[in-house]
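Written out below as structure tokens is the structure these notes cover.
We're numbering straight along the sequence, starting at 1. Heavy-atom basis, side chains included; hydrogens, waters and symmetry copies ignored.
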Amino acid sequence: MLRWFSRKRVVLVCAGVAIAVAAGAAGAATRSSSAGEIGKLTWALGASVRGLEYTHSADSGSATVISVGCETLVRFDKNGGLQPALADSFSTPNATTYVYHVRKGVKFWDGKPLTTADVVYSLEQAASKTTGSQIAAFYTTVSSIKATGPSTVTIKLSAPDPYFRYSPAVTYILEKAFWQKNGKNTGTPGTLTMCTGPYRFTKFVPDDRVEATRFSGYWGKKPAVKDVVLRTITNDATRLLAMRSGDIDGSFRISQDQIDQWKQLSGVAIKLAPELRTAYLSLDTSAAPWDDVHVRRALAYSLDKVGLVRSVLRGYGQTAPVMPPPEQWGDVATQKYVAKLYKSFPKYPFSIAKAKSELAKSKYPNGFTATLPYPDSQQTLGKAALSLAQNLKDIGVTLNVKQVTTDDWFAGLFAHKDLGAQIISWGVDYPDPADALHFIYDSQYATANAFNTANYKSSKMDKLLKIQQDSVVSKVRADSIANALKFTAQDVPYIPIWYQQVAMALKSKYAYDFGTWYLYTPWLAGITAK
């Protein structure tokens with residue numbers, strides 16, 4: 001879901017590069033004789049793909065690839081609204097019941113028909129904590145998932161959950177028999193996966209590529225692209241060179257500090273959209289020195305957010321006072337309400353003097369030494385970490401910034417042990433401001449395979465979160481969320497840094513209607529020849 005990219009996605013919360021497969025090719029894409037058809041497309045990925053089965057590879061980097069071939073019951077439109085996908089219709093008869101009518105005539109790549117059994121099994125796997133599902137947190141309010149008719153699946157909740165409606169949009173449906181036969185090998189290079197989408201995966205080479213070909217039995221509109229090679233190169237400069245030389249046809253998540261350079265490329269179009277991604281510091285409140293609120297506030301004052309947006313993001317973003325970007329409020333509140341609210345939050349302007357003052361109030365007035373890792377796929381996070389480390393020297397704190405592989409970084413986060421300080425990029429999963437609040441601040445998620453990496457436990461925060469979760473009234477939810485955000489801005493278990501824009505590059509001879517919610521949708525099927 002991820003969310004995290006850093007999730008890799010660099011998030012989610014990564015930069016990647018792709019190199020053409022054929023060394024002597026005149027260009028990455030080739031055309032067939034069929035009008036409007038694109039014979040082959042080479043796409044640059046910004047991070048390694050952890051797997052092709054999302055419940056154990058819940059990050060935006062993997063989702064970008066999985067969504068090429070696998071589908072969900074519902075999907076996001078460009079503005080974050082829910083539209084039919086494998087469910088041709090869906091409804092909510094009451095606050096705790098969700099009904100999905102499974103589309104008829106859909107086949108898996110092996111020719112077997114999609115059934116309610118496949119849907120139920122996939123949802124159960126996503127909800128299962130015992131199997132180690134990394135998106136089980138999305139299903140904590142689910143009490144039952146059942147086939148209630150030949151083509152109907154009904155999900156019952158134990159209590160109202162205003163944002164559960166979005167969970168099926170980030171849960172991929174796989175073939176039950178395939179999943180049962182292959183178990184934990186599902187999604188690995190030797191097994192791949194079995195889905196219903198417009199493209200069938202044919203090869204998965206970790207840290208190198210994923211290949212897919214158009215599925216002739218697809219139930220939807222035939223895509224223009226016949227074959228695709230999704231290549232992984234995590235070096236931003238290499239990816240830029242690959243685009244300049246024509247070895248790749250496009251890429252998502254162009255690093256903010258390189259967008260201006262990509263704009264100078266001939267025959268390449270750059271498109272921007274609000275990414276609804278927040279970079280932030282996570283401080284383990286259960287362990288020293290981060291258990292001291294004055295230490296956390298000292299770090300907040302030591303972050304030069306304005307300077308980081310200018311220098312690291314090159315202006316393609318804005319400073320973040322709280323976790324959810326203002327555009328994420330969806331139908332919960334008006335933007336007028338949100339704008340007024342965001343002006344009221346406690347501020348932590350860059351001030352070494354105030355940072356020193358806060359540290360002097362702490363249990364560590366003479367400073368301390370700590371380590372801050374960041375994933376190699378997230379160089380912007382690394383730059384922010386190094387800037388913070390430099391500023392902290394002025395208050396007597398030594399912060400050792402350490403680059404680690406994305407896989408090792410994720411493993412550490414999901415293991416939930418010795419978390420200390422982390423720098424993370426969180427990509428939203430749905431247009432609701434409670435997204436990050438619920439999953440990052442709620443006490444119940446201070447556990448392995450969940451997202452409360454600050455091990456933050458506050459009865460007051462839990463109470464505020466429960467008020468908004470139990471209500472279906474927008475004003476009640478908005479006011480409760482606002483109070484929760486004000487409280488966490490004072491307690492700072494997490495320190496939001498920036499909200500960023502997302503950029504994609506695509507050769508000008510192709511077209512794609514790019515928007516914020518591309519991630520969990522069959523984006524490749526939307527690329528056409530002009």
Side-chain angles (χ1 to χ4, degrees), residues 1-5 7-9 12 14 16 43 45-73 86 108-110 112 114 118-139 167-213 215 228-232 377 405-408 410-411 413-415 429 449 519-524:
M1 45 201 73
L2 256 114
R3 289 168 163 323
W4 277 328
F5 202 16
R7 219 182 157 320
K8 275 165 217 181
R9 309 178 83 311
L12 123 256
C14 305
W43 197 265
L45 300 175
S48 298
V49 179
R50 295 169 59 222
L52 300 178
E53 190 280 284
Y54 195 59
T55 69
H56 288 87
S57 302
D59 61 80
S60 55
S62 296
T64 302
V65 173
I66 295 171
S67 61
V68 165
C70 299
E71 298 182 289
T72 55
L73 286 173
L86 289 181
F108 287 99
W109 302 327
D110 61 4
K112 295 178 182 178
L114 170 69
D118 299 303
V119 173
V120 170
Y121 189 79
S122 295
L123 296 175
E124 288 177 339
Q125 292 299 297
S128 175
K129 291 184 178 180
T130 58
T131 62
S133 171
Q134 294 171 1
I135 59 173
F138 288 173
Y139 287 82
S167 296
V170 298
T171 303
Y172 298 97
I173 305 302
L174 277 62
E175 184 183 277
K176 177 181 178 180
F178 183 92
W179 211 339
Q180 288 182 320
K181 176 183 177 181
N182 295 288
K184 292 185 178 180
N185 289 326
T186 302
T188 62
T191 304
L192 302 181
T193 189
M194 186 57 64
C195 296
T196 61
Y199 292 91
R200 173 176 57 84
F201 296 118
T202 58
K203 180 181 289 188
F204 173 22
V205 182
D207 300 320
D208 182 22
R209 75 179 68 182
V210 174
E211 297 181 10
T213 189
F215 174 40
V228 64
V229 178
L230 301 144
R231 295 293 305 270
T232 300
S377 59
T405 68
T406 297
D407 285 344
D408 286 346
F410 268 113
L413 286 180
F414 283 120
D429 292 291
N449 291 320
L519 180 59
Y520 297 102
T521 65
W523 58 269
L524 181 62

What distance separates [X] [atom1] from [Y] [atom2], expressed to the nearest 0.5 Å?
X: Asn449; Y: Leu413; atom1: CG; atom2: CG; value: 11.0 Å
X: Leu86; Y: Thr171; atom1: CG; atom2: OG1; value: 11.5 Å
X: Arg200; Y: Glu211; atom1: CZ; atom2: CD; value: 11.5 Å
X: Glu175; Y: Cys195; atom1: CD; atom2: SG; value: 9.5 Å
X: Leu52; Y: Thr186; atom1: CG; atom2: OG1; value: 10.5 Å
X: Thr196; Y: Phe215; atom1: OG1; atom2: CZ; value: 8.0 Å

Legend entry - Verdict with supporting geometry, Asp408 and Thr405, side chain to side chain donor-acceptor pair (under 3.5 Å): CA-CA 5 Å; Asp408 286 346; Thr405 68; 3.1 Å; yes
Modelled atom types, side-chain donor and acceptor of [X] and [Y], under 3.5 Å:
X: Asp59; Y: Ser62; answer: yes
X: Glu53; Y: Thr55; answer: yes
X: Asp207; Y: Thr232; answer: no
X: Thr130; Y: Ser128; answer: yes

Inset, instruction - Using atom types as modelled and distance alone, determine if a side-chain donor or acceptor of Ser48 lies under 3.5 Å from a backbone N or O of Arg50. - result: no
Legend entry - Expected output: side-chain Asp118 to main-chain Lys176 donor-acceptor under 3.5 Å: yes
Could you tell me which non-hydrogen atom of [X] sits nearest to which non-hydrogen atom of [Y], and how far apart they are?
X: Ser133; Y: Ala136; value: OG-N, 3.3 Å
X: Ala169; Y: Thr72; value: O-CG2, 3.5 Å
X: Thr131; Y: Gln125; value: OG1-O, 3.8 Å

Legend entry - Qualifying ring pair (Phe, Tyr, Trp, His ring centres under 6.0 Å) pairs, either residue in residues 184-204, two or more places apart: Trp109-Phe201
Inset, instruction - Please name all residues satisfying side chain to side chain donor-acceptor pair (under 3.5 Å) with Ser167, sequence neighbours left out, ordered by chain then number. - result: none
Inset, instruction - For side-chain contact (heavy atoms from CB on, under 4.5 Å), just list the numbers for Thr191 and Phe178, CA-CA rounded to whole Å, side-chain angles, deciding distance to a tenth of an Å, and then say yes or no. - result: CA-CA 10 Å; Thr191 304; Phe178 183 92; 3.7 Å; yes
Legend entry - Matching residue for Leu230 among Leu524, Asp208, Leu45 - test: side-chain contact (heavy atoms from CB on, under 4.5 Å): Leu45
Inset, instruction - Check the angle between the aromatic planes of Tyr520 and Tyr172 and answer parallel, tilted or perpendicular using the 30° and 60° thresholds. - result: tilted
